[in-house]
Amino acid sequence: MAAEQIIRRFEQLKNNRLNWENHWQELADYVLPRKDDIYRTRTYGEKKYNKIFDSTGIHANELLASALHGMLTNPSTQWFELTTGDEVLDQDDEIRLWLQTAVRHMHKVLNNSNFQTEIHEVYLDLGSFGTSCMRMEEDENEVIRFQSRPIYEAYIDQNNKGGIDTVYRSFFWTARQIKQEFGEEILDDDMKQQLAGKPHDRNDQHEIIHAVEPIGTDYDGPELKGKGFLFRSIYVLKEKRKILSYGGFKEFPYVIPRWTKIAGEVYGRSPAMKALADIKMINQVMKTTIRSAQKTVDPPLMMPDDGILLPIKTAPGGINYYRAGSADKIEPLQTGSRVDFGFQMMEQIRMRIREAFFIDQLQLGSGPQMTATEVSQRTEEKLRLLGPILGRQQFELLRPLIDRVFNIMMRRELFPPAPPALSDAILQVQYSSQIAKAQRSADAQSFLRVFNIVGPLMQAKPEMLDNINGDQLLRYVSRAYGLPEEVLNPLDQVVGERQARQEQAAMAQQVQQEQHQADVVNKMTPAMQTFEGAGT
């Protein structure tokens, strides 16, 4: 029975994840407290920051997520492009125009959807847990809708190539939500009674398992055959061992990026895992420093066992009575605690936490003596250092996301008709985010360094410029720095304009020569007439 197989597979994936849950819970407590429902269920509205005495880890993770959002998927820029992978085809004006139009349409769809809000949650999970889960599904109004799912919902597995191709999700819905999603006919008598019963019965929740995995097992239904589906989608009501829905996807509907991973492990590891010891330490140091500061500001009191009348009043303006003639008095107990040392220690720990979250590379500072060129070069150098770290995100997050959006839009005919030359082409993605541009700019910098070296020689020997193809150099440097193709004229147009200018220059020169000849003739005519008159 398919439902039993799904539940059995779910339990297996659940057991494989047990060790991670304790780790995630600790990370959530100190780095992402609002998502701390890993293996315990809290009451709605319950406080979630009870363990936090210092917010350095929380702030560092939020800053990392914001930086990733701005550098990889900035909504104000086109952070990816499409290419055929063939330089000859890419130079074709019609093909290049269609690719650029398709990219603009895709960016518009992404920015008009809830992508920007959900992708930020993905980056927060990446920095804290090392693994994120986001679902991409078609939407009638927004074309595509995104859902960032909490890590405790997702149970994943990878294929022989190390890519995630299986996602089981466990979540809880009321009978009313099940009816809204799957229809009233799917409800059994118990659920119908819940809907018709007392108000508190409406909140009874049921565990649902949603399994998405590659097609190819013995419980693939006939409704998936011949429709081009590569992944099946099965919803199972766990307590009833009942299938609620059965369908398929032509692309994997999830992106499961991982920050980094160890060979053999399925789930990723995060910067927060590396900094967890320091994050826990700074919370304890802050807690101790607070107590020390309280003792310094409001120290404990020493008083004799006799001679002072109780109760002792420590409020401002309080009056305490003591026996007349007694030399005893109330004195503060000075412990000699060094509160400043606690703050110095915390600052060192904060620095290590910021380094673990790459804050020193994300905050691109500049000195007062730096020029704009030096600031730009330092910025690009720091972004290039982040390139290898974020390369996994291009492969596991951005590429499957772009493929899914492109295929959905193609099926819904949201692109203009493609040129015939693209019928057999396999389109590729080229990233044009800040980091990608910084990496490509290194090639442009190489040319500039060469030009600075040979520049003085070119002044002495201008014929050296014959070795450089100026047109290709301009296009190469402009693409390296991310200059839009729209500002560059097509090569055939450039050639045509040059030929037109040459023809105009030739015609002007011919007219000038004819005019010069006419002037010469006009000047010589009187002399010729005089000569002819003298000869006669």
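These figures come from a predicted structure and were not determined experimentally.
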Near-ring test F229/F249, centroid separation under 6.0 angstrom: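 Ring centroids of F249 and F229 are no less than 6.0 Å from each other.
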W24 ring center near Y267 ring center (under 6.0 Å):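 Distance test on ring centres: under 6.0 Å, yes.
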Distance in Å, R169 CZ paired with F10 CZ, rounded so as to fall on 0.5 Å steps: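 R169 atom CZ to F10 atom CZ measures 11.5 Å (nearest 0.5 Å).
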Distance (rounded to the nearest 0.5 Å) between L97 CG and D92 CG: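 Going from CG on L97 over to CG on D92, the span is 10.0 Å.
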Minimal non-hydrogen separation, G57 against F357, with atom names: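 Smallest heavy-atom distance, with atoms named: O-CZ, 4.3 Å.
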Distance alone, cut at 3.5 Å: any donor-acceptor contact between the side chains of [X] and [Y]?
X: H206; Y: T174; result: no
X: R350; Y: T56; result: yes
X: N15; Y: E11; result: no

Any [X] side-chain heavy atom under 4.5 Å of [Y] side chain:
X: L401; Y: T73; value: no
X: L422; Y: W98; value: yes
X: E153; Y: C133; value: no
X: V109; Y: F115; value: no

Geometric class of the H107/F80 ring pair [parallel <30°, tilted 30-60°, perpendicular >60°]: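 Geometry flag for H107 against F80: parallel rings.
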Intermediate values then yes/no, side chain to side chain donor-acceptor pair (under 3.5 Å), Q116 and N111: CA-CA 7 Å; Q116 297 301 334; N111 290 336; 3.2 Å; yes
From E213, K14, H210, residue fulfilling side-chain hydrogen bond (donor to acceptor under 3.5 Å, both in side chains) relative to Y168: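 The option that passes is E213.
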